Structure formats: structure tokens, C-alpha cells
Amino acid sequence: MDVFVGIDVSKAILDISVSPTGETWSVANSTEGMLQLVRRLTELAPVLIVLEATGGLERRAVAALAGAALPVVAVNPRQVRDFAKATGQLAKTDAIDAAVLALFADKIRPPLRPLRDAEAQELEALVVRRRQVIDMITAEKNRLSAAPPSKRVRTAIGKTIKWLQKQLEEIDSDLDDAVKGSPAWREKDDLLRSVPGVGKVLARTLISLAPELGSLSRNRMAALIGVAPLNRDSGTHRGRRFVWGGRAQVRSVLYMAALTAARFNPAIRLFYARLVAAGKPRKVVLVACMRKLLSILNAVLRTKSPWTQELPA
């Protein structure tokens with residue numbers, strides 16, 4: 001009998017459910033709990049183990065299970081919640097979520113993905129932390145621009161901004177060292193930055209948060225990032241296309257790069273001007289430029305050739 005396991009992860013507890021037997025139990029989200037979990041699941045020999053990606057809380061469990069050569073995959077929580085609603089399961093508890101995950105594993109069978117090595121995880125953590133520091137600097141500058149009446153408060157905010165800017169410089173230095181220390185990353189960085197409008201921020205964001213770039217088709221890559229136009233049609237009605245989902249952190253950086261490319265990249269500039277002349281709204285045009293830029297970058301890494309204006313996307 002094929003066995004499928006769902007694990008609902010919280011900060012303190014892991015709730016486990018087995019399909020189709022309905023067996024359930026819980027362990028602590030700790031080192032000892034991981035040992036118990038691995039031991040018991042090794043005895044069960046499941047076909048697939050599914051967890052939700054819950055902001056990093058699942059990483060210890062995924063690493064422990066993968067280290068024991070167990071088939072484990074972390075999936076998008078939205079997909080699981082939509083699956084639960086489709087089955088008529090509207091209630092939500094940790095035990096119910098674990099059972100839904102086990103059923104999701106059985107019926108949907110999401111494909112296993114190779115785990116990223118320690119260096120790739122370190123680069124991703126640095127890129128994410130850089131985004132967090134920038135957000136904190138922006139928040140502090142907004143507070144300062146509100147002109148608080150207290151001089152002490154203004155001084156404190158200024159000191160905080162200086163400290164955060166120093167942190168940003170240190171993170172940028174660490175990112176430089178990480179990319180330069182890896183021949184593969186250095187090659188990707190050079191290829192991506194050969195495209196006008198692409199700087200080191202976008203290049204390193206793509207290397208760390210979109211490692212699939214260059215290995216997928218342009219359409220699948222656009223859908224993965226969230227810049228593919230989605231249909232909204234029903235019967236004779238033809239709705240407006242829109243973008244939705246995808247990797248928001250990559251998309252936000254890609255948006256800023258598209259603004260630059262629309263001015264300084266010859267191919268993107270002509271593409272932008274042609275769509276504007278056709279009467280397209282400028283926001284729609286920018287999203288189209290984001291997709292075209294992503295297609296160019298995908299082609300650059302796929303062919304391992306620096307960008308030229310004639311390179312097909």
C-alpha cells in the first residue's frame with residue numbers, strides 16, 4: 001500500500017498525518033523531535049511527504065527528512081488551501097491541515113525538487129536580508145520626513161538610518177564575495193549584467209531566487225516569476241488579461257530594471273515605444289517590458305552568450 005504523509009509545521013509542534021491509514025501523531029519542532037520523526041517515517045517508507053512552505057519554519061524538518069533520503073517537498077500554502085476548499089474542507093486546525101496535506105500528496109503528487117546546497121541558501125539569505133534592510137531604511141526615512149517635533153527623536157532616527165546603511169554596505173560586500181567566490185555564479189553574473197539595464201541587484205536576485213532561469217522556456221519562466229498575462233474569459237466574454245502570483249521579490253526588482261531598460265536598452269526601448277504608440281496603458285507596457293527583459297535574460301543564460309541586440313528571446 002502506497003503511503004503519503006502530510007506534516008503541518010508550527011513554531012513548536014509538527015502535526016503528522018498519514019494517508020490512507022489516517023494515522024496521526026505530533027512531535028516537537030526540535031532536534032529531538034526531528035530524530036523521532038525521521039525514525040518513524042523511515043519505518044513507514046512513504047511514497048511522498050508534503051509540507052507547506054511557512055516562512056522558513058519548515059526548513060529544519062525538510063533538511064532532516066532529506067538528509068535521511070526521504071522523499072519530501074515543500075509546497076505553496078495557497079495551493080493546499082485551494083485544494084482543501086475544493087474538497088469541501090472549510091475548517092482549519094493543525095490536525096486538519098496535516099490531513100489535507102497528506103491527501104494533497106496522494107491526489108496531486110507534486111514533483112520532488114532538488115534541495116539547494118548550503119552556499120545557495122546562504123546567497124538567498126543575503127539577498128532577502130538586503131531587501132529587508134532597504135525596507136527598514138525606507139520606513140525610517142518616511143518617519144523622518146514626517147518631521148517629528150522632538151529633536152531627540154529626529155536624532156535617533158538619523159542614527160538608525162546610518163546604522164542600517166552601514167549594514168547594507170556590509171551585506172553588499174558579502175554578496176560580492178559570495179558571487180566572486182563561485183565560478184558558476186560569477187559566469188551567470190557576468191552574462192546577466194551584459195544586458196543593458198541589468199545591474200548587480202537584479203543579477204544576484206535572479207541567481208539566488210530564480211535558479212531556474214536559463215533552464216525553462218520563456219513562457220514557463222514568465223509564469224514562474226508572475227509576469228505572464230492570464231486569461232479571464234467566460235463564454236462570449238473576453239476579459240482583460242492580468243498578471244498574478246509568482247515570486248514577488250523577483251518581480252519587484254525586475255520592475256525597477258525594466259524602468260531602466262526602457263531608457264537604455266535599445267531592444268526594450270523600441271518595444272516600449274511601439275506599445276505606447278499603439279495606445280497601451282503605460283503600466284501594461286512596463287509589465288510587457290518586464291516579460292521581454294526576462295525572456296532576454298533567459299536566452300542569455302540558456303545560450304551562455306553575452307547579450308547582443310540580435311539575440312533572440
Side-chain angles (χ1 to χ4, degrees), residues 1-30 33-34 36-38 40-66 68 70-116 128 209-210 212 220 222-234 239 241-251:
M1 180 175 58
D2 290 341
V3 172
F4 299 87
V5 176
I7 303 177
D8 184 75
V9 181
S10 63
K11 190 174 183 179
I13 299 293
L14 302 180
D15 289 277
I16 302 96
S17 179
V18 180
S19 178
T21 65
E23 181 183 2
T24 61
W25 74 93
S26 300
V27 297
N29 191 355
S30 63
M34 292 302 131
Q36 297 174 18
L37 178 65
V38 168
R40 193 155 177 183
L41 291 183
T42 301
E43 295 173 357
L44 285 174
V47 173
L48 185 62
I49 305 168
V50 170
L51 307 84
E52 287 181 334
T54 54
L57 293 177
E58 80 287 351
R59 289 175 185 166
R60 176 160 45 180
V62 170
L65 295 170
L70 289 167
V72 60
V73 61
V75 298
N76 189 323
R78 175 179 51 80
Q79 294 176 326
V80 179
R81 195 64 229 155
D82 289 345
F83 174 80
K85 292 177 181 178
T87 62
Q89 182 56 264
L90 302 181
K92 190 179 187 306
T93 67
D94 293 343
I96 290 175
D97 287 348
V100 170
L101 284 164
L103 186 61
F104 181 89
D106 186 3
K107 302 303 181 183
I108 304 300
R109 305 201 181 190
L112 294 173
R113 295 185 291 270
L115 293 182
R116 309 185 70 184
V128 171
L209 301 182
E212 302 88 350
R220 290 186 62 190
L224 183 68
I225 302 304
V227 293
L230 303 178
N231 296 358
R232 200 167 192 175
D233 302 337
S234 179
R241 274 48 177 165
F242 63 98
V243 296
W244 184 74
R247 299 180 183 174
Q249 292 185 3
V250 178
R251 192 167 56 251

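For reference, positions follow the sequence shown, starting with 1. What you are looking at is a predicted structure, and each value in this text was computed from that prediction instead of being measured.
- Atom OG1 in T87 sits 11.0 Å away from atom CG in D82 (nearest 0.5 Å).
- Heavy atoms only, all atoms of each residue included: V9 and L57 are closest at CG1-O, 3.5 Å.
- Side chain of Q36 to backbone of M34: no donor-acceptor contact under 3.5 angstrom is found.
- The two residues S19 and D106 have their closest heavy-atom pair at OG-OD2, 3.7 Å.
- With contacts defined as side-chain heavy-atom distances shorter than 4.5 Å, the pair R109/F4 qualifies.
- A distance of 10.5 Å separates CD1 in I16 from CG in L44, rounded to the nearest 0.5 Å.
- The side-chain contact (heavy atoms from CB on, under 4.5 Å) test with V18 is passed by exactly one of V5, L41, T24: V5.
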Criterion side chain to side chain contact (heavy atoms under 4.5 Å, CB included) on I49 and V73, from CA distance to verdict: CA-CA 6 Å; I49 305 168; V73 61; over 6 Å; no

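- Using a 4.5 Å heavy-atom threshold, the side chains of R241 and N231 count as touching.
- Contact annotation: the side chain of V47 never approaches that of M1 to less than 4.5 Å [non-hydrogen atoms, C-beta and beyond].
- The closest side-chain heavy-atom distance from E52 to R81 is not below 4.5 Å.
- When all heavy atoms are compared, the tightest approach of A105 to L48 is O-CD2, 3.9 Å.
- Around atom CZ of R232, no more than 12 heavy atoms belonging to other residues, nucleotides or ligands sit under 6.0 Å away.
- Of all non-hydrogen atoms in V27 and G33, the two that sit nearest each other are CG2-O, 3.9 Å.
- More than 12 heavy atoms of other residues, nucleotides or ligands sit less than 6.0 Å from atom CZ of R40.
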From CA spacing to verdict: side chain to side chain contact (heavy atoms under 4.5 Å, CB included), V75, I108: CA-CA 11 Å; V75 298; I108 304 300; over 6 Å; no

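- Two residues are said to be in side-chain contact when any heavy atoms from C-beta on lie closer than 4.5 Å; D8 and L14 fail this criterion.
- Put simply, the side chain of N29 does not reach to within 4.5 Å of the side chain of K11, judged on heavy atoms.
- Note that CG of L37 is 4.5 Å distant from CD1 of I7, once rounded to the nearest 0.5 Å.
- Between D15 and D97 the shortest side-chain heavy-atom distance does not fall below 4.5 Å.
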Test log, rule salt bridge (charged side-chain N to carboxylate O under 4.0 Å, His left out), inputs R247 and E212: CA-CA 12 Å; R247 299 180 183 174; E212 302 88 350; 2.9 Å; yes

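- The shortest heavy-atom contact between A228 and V243 is O-CG1, 3.5 Å.
- The structure places CD1 of I225 at 11.0 Å from CD of Q249, a figure rounded to the nearest 0.5 Å.
- Counting all heavy atoms, side chain and backbone alike, L101 lies closest to G6 at CB-CA, 3.7 Å.
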